[in-house]
Amino acid sequence: FVLVPAPDGVAQTAAKQGVGPEQPAGQHQQHRRGPKKIALTDSKGAVARLWKPDLTTLPLTVEHGSITLPRTGVDNYHAVIVEKDRGHLKKALIRYEYLRGKPSGHSTKELTAAEKTTLEIVPDPVPREHQHYRSDQIWSFILRFKGTPAAGIPVTLETSHGTRVNAVSDSEGKVSLNIPDDFPDLKEGERDRRTSEFSISAEMKDTGILYQTLLSAEYRVNPGHWQSSGLGVAITGLGLLTGVFLGRIGLTETKRTTR
């Protein structure tokens, strides 16, 4: 039960499921001109909704293992919520997608603050427009149960490269996680535009019901692999040398005036 981008509009399942067409890890791409599509594994019995920035919702149809996101006409993050209810077991998938359109007039904080499913993992904050989750960066998330922080719950981050990071939510339901720098075959000094997927999952039991939740998102290679700090050091050194040089000129002029 996983949400991942569907490259070129083709439904794709996670490689570990071993079902349907696969794509090499770290190569998730799709054409941005058409409607966004998201692949959903194990979609039987799933109910999906799209939350808009103004907190209104639209039903989503799951067809052939994928969800097509409709154009809402407003600009900002939207939340895709997929739920399964088996009575004793309730599952939820969450994914935030940025859709284009006219200014929504709403803050992303309104969307993240809203209770969208019983147990949910909320980005704190969501990356700004034109920004992304990057490898080797620390991001915070909040685990909420029925709209209130869930403390002391184990949380696991897992990337599509197989790296796992474990944490436990604090008294405010918050966890800070370092996104693994695990893209294979990186070449230092060369720009790398690859993307990959990570998921953050948690579960808890209440009144005999097991709640499971999973937040999925895309992350990219940290630009520190090709953005050298040498240039900054050179500029700083040049500034110091210039300061010394100008200081000497000033001292010489002072001596000449004194004479």
Side-chain angles (χ1 to χ4, degrees), residues 3-5 28 30 32-38 40 47-60 67-83 91-151 153 155 157 167 169-179 195-202 204 211 213-220 222-223:
L3 281 174
V4 295
H28 299 303
Q30 68 177 4
R32 299 299 183 188
R33 294 179 181 177
K36 284 188 176 181
K37 286 198 174 187
I38 300 176
L40 175 65
V47 177
R49 298 194 70 84
L50 180 69
W51 283 66
K52 297 166 60 178
D54 63 0
L55 305 187
T56 58
T57 65
L58 298 172
L60 296 173
I67 299 171
T68 300
L69 301 186
R71 291 186 174 90
T72 62
V74 293
D75 195 270
N76 211 334
Y77 276 103
H78 295 58
V80 180
I81 308 294
V82 183
E83 296 175 306
K91 296 183 177 183
L93 300 179
I94 306 140
R95 189 177 183 93
Y96 289 84
E97 289 286 346
Y98 202 102
L99 302 182
R100 303 292 178 180
K102 296 180 179 179
S104 67
H106 292 271
S107 168
T108 305
K109 291 182 179 180
E110 297 175 49
L111 183 62
T112 56
E115 181 184 342
K116 297 172 289 297
T117 187
T118 307
L119 180 64
E120 64 179 314
I121 298 169
V122 181
D124 184 40
V126 174
R128 288 187 175 186
E129 183 187 5
H130 305 308
Q131 294 185 350
H132 310 277
Y133 291 111
R134 299 279 186 178
S135 60
D136 198 26
Q137 287 184 346
I138 297 175
W139 288 83
S140 295
F141 304 85
I142 297 175
L143 181 65
R144 292 199 308 246
F145 181 69
K146 296 182 178 179
T148 61
I153 304 299
V155 175
L157 181 153
S169 60
D170 65 13
S171 60
E172 297 179 342
K174 182 176 288 188
V175 290
S176 294
L177 298 166
N178 187 26
I179 298 176
T195 65
S196 193
E197 291 285 311
F198 72 85
S199 64
I200 303 174
S201 59
M204 62 178 291
Y211 295 88
T213 190
L214 184 147
L215 171 74
S216 66
E218 177 189 272
Y219 73 109
R220 303 187 179 195
N222 193 309

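Everything quoted here is computed from the prediction, not taken from an experiment.
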> With E115, which residues qualify under salt bridge (charged side-chain N to carboxylate O under 4.0 Å, His left out), at least two apart?
Replying inline: none

> Between OG1 of T148 and CG of L143, what distance do you get to the nearest 0.5 Å?
Replying inline: 9.5 Å

>> Tell me the closest heavy-atom pair linking S169 and A150, and the distance in Å.
In response: OG-O, 2.7 Å

>> Check this for me: does any side-chain nitrogen of one of E129 and R100 sit under 4.0 Å from a carboxylate oxygen of the other?
In response: yes

> Can you find a pair of side-chain heavy atoms, one from E218 and one from E197, that are under 4.5 Å apart?
Replying inline: yes

>> With ring pair (Phe, Tyr, Trp, His ring centres under 6.0 Å) as the rule and sequence neighbours excluded, what pairs involving residues 114-139 come up?
In response: Y133-W139, Y133-F198

> Can you tell me how far the OH atom of Y96 sits from the OG1 atom of T108, to the nearest 0.5 Å?
Replying inline: 9.5 Å

>> Strictly distance-based, threshold 3.5 Å: is any side-chain N or O of K174 a donor or acceptor partner for the main-chain N or O of P149?
In response: no

> Do I94 and T213 have side chains that get closer than 4.5 Å, going by heavy atoms?
Replying inline: yes

>> Quick one about S216 and S199 (side-chain donor to acceptor, distance below 3.5 Å, no hydrogens or angles considered), yes or no?
In response: no

> How long is the gap from OG1 on T118 to CE on M204, to the nearest 0.5 Å?
Replying inline: 10.5 Å

>> How close do E110 and L55 get, counting heavy atoms only, and between which atoms?
In response: O-CD2, 3.6 Å

>> Donor-acceptor pair, distance only, cut-off 3.5 Å: does the side chain of N222 make one with the backbone of S135?
In response: yes

>> Evaluate D136 against N178 for side chain to side chain contact (heavy atoms under 4.5 Å, CB included), listing each step before the verdict.
In response: CA-CA 6 Å; D136 198 26; N178 187 26; 3.6 Å; yes

> Which heavy-atom pair separates Y77 from P127 by the least distance, and what is that distance?
Replying inline: OH-O, 2.7 Å

> Heavy-atom distance under 4.5 Å between the side chains of P70 and L99, does that happen here?
Replying inline: no

> Is there a side chain to side chain contact (heavy atoms under 4.5 Å, CB included) between I200 and V155 once you walk through the steps?
Replying inline: CA-CA 7 Å; I200 303 174; V155 175; 3.3 Å; yes

>> Can you give me the closest heavy-atom contact between K116 and A79, atom names plus distance?
In response: CD-CB, 3.9 Å

> So how far is it from I81 CD1 to R49 CZ, rounded to the nearest 0.5 Å?
Replying inline: 11.0 Å

>> side chain to side chain contact (heavy atoms under 4.5 Å, CB included), that's the test. Do H106 and L111 meet it? Break it down for me.
In response: CA-CA 9 Å; H106 292 271; L111 183 62; over 6 Å; no

> Which distance, rounded to the nearest 0.5 Å, do you find between the CG of L215 and the CG of L93?
Replying inline: 10.0 Å

> With T56, which residues qualify under side-chain hydrogen bond (donor to acceptor under 3.5 Å, both in side chains), at least two apart?
Replying inline: D54

> If every non-hydrogen atom of L50 is compared with every non-hydrogen atom of H78, which pair is closest and at what distance?
Replying inline: CD1-CB, 3.7 Å

>> Pair V82, I67 - check side chain to side chain contact (heavy atoms under 4.5 Å, CB included), show working.
In response: CA-CA 10 Å; V82 183; I67 299 171; 4.0 Å; yes

> Minimum heavy-atom separation for S104 to N76, with atom names?
Replying inline: OG-ND2, 3.5 Å

>> Within this structure, what is the CZ-CG distance for the pair R95 and L214, rounded to the nearest 0.5 Å?
In response: 10.0 Å

